[in-house]
Structure formats: structure tokens, C-alpha cells
Number of protein chains: 2
Amino acid sequence: MTWNTSVDQAERGSAGAPTTATAPTTPTAPSLLTQPRVCSVARALEVVGERWSLLVIREVTFGVRRFDAIQAATGAPRAVLTERLAGLVRAGVLERVTYREAGSRTRWEYRLTPAGRELAPVLSALRQWGDRHLAGEDGPPATFTHAGCGAPVRVQHVCEAGHVIENTREISRKAGPPVTS
Amino acid sequence: MTWNTSVDQAERGSAGAPTTATAPTTPTAPSLLTQPRVCSVARALEVVGERWSLLVIREVTFGVRRFDAIQAATGAPRAVLTERLAGLVRAGVLERVTYREAGSRTRWEYRLTPAGRELAPVLSALRQWGDRHLAGEDGPPATFTHAGCGAPVRVQHVCEAGHVIENTREISRKAGPPVTS
DNA sequence: CTTCTGAGTTCGATCTACGAACCTAGATGA
DNA sequence: TCATCTAGGTTCGTAGATCGAACTCAGAAG
């Protein structure tokens, strides 16, 4: 079965001031969902959606790997950080390994697993949105460039046939639980 | 000033079982951050990082716009949903507009603003990660395709010179607060 | 033997989330 | 006229999460 529900259709009329839609936009229908929708977005948020989780991953991505350094860079309370790190290790996003510098005692550090590394587009997408909509007067606090050519990096939708998708209206949803109005 | 810190370097040695790094990977240095790092990721998470926020945006993206329908689809407690919707409206991600169906009373609905629509890559990146790492036995609960050609849609890093970036090691960080170890 | 440091724990005070029940105004029906 | 239904919230008491500050503990250095 296939519900081909156009994502993000019908944004007409979103201009005026005392915002009032003049045309009926939402057909009346009983809710078909008796359970909350389960989707990969929800599942992913169970892993990385808690407060501090993505900031921790941001730091580890930057190469900040020790507890105290992650704590300082994120500002997370230590007890919460302990819990988040343990959760991310349990989820397979980070791994906790010992390391020893010459002439120093054994310490712990946290590293991204391959699965953790694949969260990079999530961070990039958030950063891109924040840069665009929440940056201060002096522009984005940091910029990211392609090491090969020096050009700025961004994330974008593409299809597997190689088309770049500029507008979310070009994306269709196939299968999955019904969309209710 | 430019710190050109390679993102995601040094993943060597992340293979063995009783995970122990044999080489020193983290040069000892005092933390240079006296304040938590401010970046666009953190700023974006202040807007969409609370529990339920992104699921609400997911639903509105699907065209689910009424309070009760969003509540049913996300499973968020009503009081929390009220607060999230108000926060997202305040942040300029959603707008709350009245609409009237023929012969029916006035109702409210929530719509994405242009800024809200630009969160689509965040949702897609989360979905993609969840599909890859958390999908159940029967595969992803929903799939998304390019309306033009029918091919599956994904998000990826590209640079503005047009290169597709397959590996996060190809991304450099320029400027911004120092990375501490 | 004392101090230092990294990596957490513990603690009491908030803060937030939770589910269930309740409220209100417009439409509908008897 | 009166009761009922519905959409879109509020209210409430409880339970769990978060906060910052202080404390702990083990290994290394002096």
C-alpha cells in the first residue's frame, strides 16, 4: 500500500498580518492514528534527542574526547554528562577507551563509532539552520570548508538519480502510517 | 584568525575488543574554554532541541496542522504540546492561523513559516540515520522519494564548488572558538 | 606523606514532564 | 430551551530530570 502524500504542500496564504486563512486548508477527517507515529526520526531522537547529547557529539566530532573537556565545552552538569555519555556508548554512538600518554597514567576518552560519525549531517543541518536564522551580528561563530577546495560546506537533499532537490515540495512520502489531518 | 582543525581526525585503532588505544591520541592541554562553546548547533537546539519539538515539526511538515491531530500523531502530553507550539510560534518556525471550513466554526491551525520549512534537512538527516541504524526488521517505516523521478531522497554534504563530500574527514573547521582537548 | 588531577558521585533545590480530568465557546440536535 | 459534541486548550498532583556546588577516589608527582 502506498500513501503518496506530498510533503509540505499548501503553504498558500501565509503572508498577511492578522494571520487568517480564507480558504479551508484542512479537510475534516477523524484521526486515523490510535498510536503515536513511529518513524526513524522519533527513533533517532530517542538516542540523540535528549538535552546535551548532540552537543556532546559535536565536541567529540571536533576531537574533544575527555570528560572534563567535554564538560567545559558543552556546559552540561557533570552528573548529566556522565549519564549522556553512558547512554551514547550504550547506543553505539560513542565508545569509551583507555589511552595512556608516555609517562602518564591511564585515562579514558570517548570516540565516535562509525555510527556516530554518520550523525555529521544532523549536526551540519542544525548548524546550517542556526547560521541562517539565529546567527548574531558578526555572522556564524565558525565556518566549515571542503578541505580539498576550500569552498564552504553545506548539506542538501539529493535523490539517488543524482538530482539536487531545492524545494521540499519535490519530495513525496511513500508508505508508512497514514497522515491524519 | 583561523584554526584549521581537521574534523573527525584520528579514528585509528577503533577496532579491537577490550577497547584500548595504544598510541596517545589527545595531547595534554589546559582547557582554553572558560565558557561553553556557542555555536549555531547550540543555538538551533535552543529552538528545536526540546523534547517533542522536532516531532511536532515533522507532523506539520506532513500537513498535520490541528492541535488534536498533532497530539495524536506525536503522543506529546497536551500541556507540553501547548507550550512547544507556542515556543515554535515565538521562534518563527510555525505560525498559528485561523481557518474556517464552509458551514463550520473558526478553528486554529499551525503552519510552517519559511524558516520552519528550512528545517527539512534536519529531519531528513535524523530520519536517514534512524533508518540506517535503528530500523526494525521490516525496514524503514516510511520512505521518501523525488517527486520528479521516483528515486529515494537523502541528504549529503556538498561544497559550494559542487563537490560531493563522502567523508567527514574532508571537512575543515575554519575560525570559531578553539577546540580544546 | 601531601598535593594534584581526571573522572566521576552525591546532594538538596528546582524545574519539567506526565496522564487524567476539567473547562470553554461555538455548532448541532431534540 | 436545554443537553450534547468538538476543538483547543488548562489545571492538578505526582514522578522524574536537571541544576550547581561540594565531595570522593585512585594514580602520579613532588
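Within every chain, numbering begins at 1; the chains are lettered A, B, ... in the order of the sequence lines, protein sequences first and strands thereafter.
Checking the phosphate oxygens (OP1, OP2) of C:dA7, no side-chain nitrogen or oxygen of A:Arg65 falls inside 4.0 Å. Within the structure, a side-chain polar atom (N or O) of A:Tyr110 is placed less than 4.0 Å from OP1 or OP2 of C:dG8. Using a 4.0 Å cut-off, some side-chain N or O of B:Arg66 falls inside it from OP1 or OP2 of D:dG8.
The nearest whole Å value for the distance from the CG atom in A:Leu81 to the P atom in C:dG6 is 15 Å. In this structure, CD of B:Gln71 is placed 16 Å from P of D:dT6, rounded to the nearest angstrom. Atoms CG (A:Leu45) and P (C:dA17) sit 15 Å apart, rounded to a whole Å. In this structure, B:Glu109 atom CD and D:dG9 atom C1' are separated by 17 Å, rounded to whole Å. The CH2 atom of B:Trp108 sits 12 Å away from the C1' atom of D:dG9 (whole-angstrom rounding). For the pair A:Leu85 CG and C:dG6 P, the computed distance is 16 Å after rounding to whole Å. As a whole-Å value, the separation of A:Arg96 CZ from C:dA7 P is 9 Å. We find that CD of A:Glu46 is positioned 16 Å from P of C:dA17, with the value rounded to whole Å.
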Can you give me the N/O atom pairs linking the protein to nucleotides 17-19 of chain D at distances under 3.5 Å, or say none if there are none?
residue : atom : partner : partner atom : Å
D:dT18  : OP1  : A:Arg84 : NH2          : 2.5
D:dT18  : OP2  : A:Arg84 : NH2          : 3.2
D:dC19  : OP1  : A:Arg51 : NH1          : 2.9
D:dC19  : OP2  : A:Trp52 : NE1          : 3.0

Could you list, one pair per line, each protein nitrogen or oxygen that sits under 3.5 Å from a nitrogen or oxygen of nucleotides 3-5 of chain C, together with the distance?
residue : atom : partner  : partner atom : Å
C:dT5   : O2   : A:Arg105 : NH2          : 2.8

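When hydrophobic residues (I, L, V, M, F, W, Y) are linked wherever their side-chain heavy atoms come within less than 4.5 Å, the members clustered with B:Val164 are B:Val158.
B:Arg37 meets the salt bridge (charged side-chain N to carboxylate O under 4.0 Å, His left out) test with A:Glu59; sequence neighbours excluded. With sequence neighbours excluded, no residue satisfies salt bridge (charged side-chain N to carboxylate O under 4.0 Å, His left out) with B:Glu50. Not a single salt bridge (charged side-chain N to carboxylate O under 4.0 Å, His left out) links A:Arg127 to another residue, sequence neighbours left out. A:Arg132 pairs by the salt bridge (charged side-chain N to carboxylate O under 4.0 Å, His left out) definition with B:Glu118, not counting sequence neighbours.
Of the candidate nucleotides C:dT9, D:dT10, C:dA7, D:dT10 has the atom nearest to the side chain of B:Thr82.
The ring pair (Phe, Tyr, Trp, His ring centres under 6.0 Å) analysis of residues 114-143 of chain B, with sequence neighbours excluded, yields the pairs B:Trp129-B:His133. Within the structure, every pair that satisfies the side chain to side chain donor-acceptor pair (under 3.5 Å) test and touches residues 69-83 of chain B, not counting sequence neighbours, is listed here: B:Asp68-B:Arg78.
A salt bridge links A:Arg111 to A:Glu109: at least one charged side-chain nitrogen sits closer than 4.0 Å to a carboxylate oxygen.
Donor-acceptor pairing under 3.5 Å is lacking for the side chains of A:Tyr110 and A:Arg65.
With hydrogens and angles ignored, a donor-acceptor pair under 3.5 angstrom links the side chain of B:Arg78 to the base of D:dG8.
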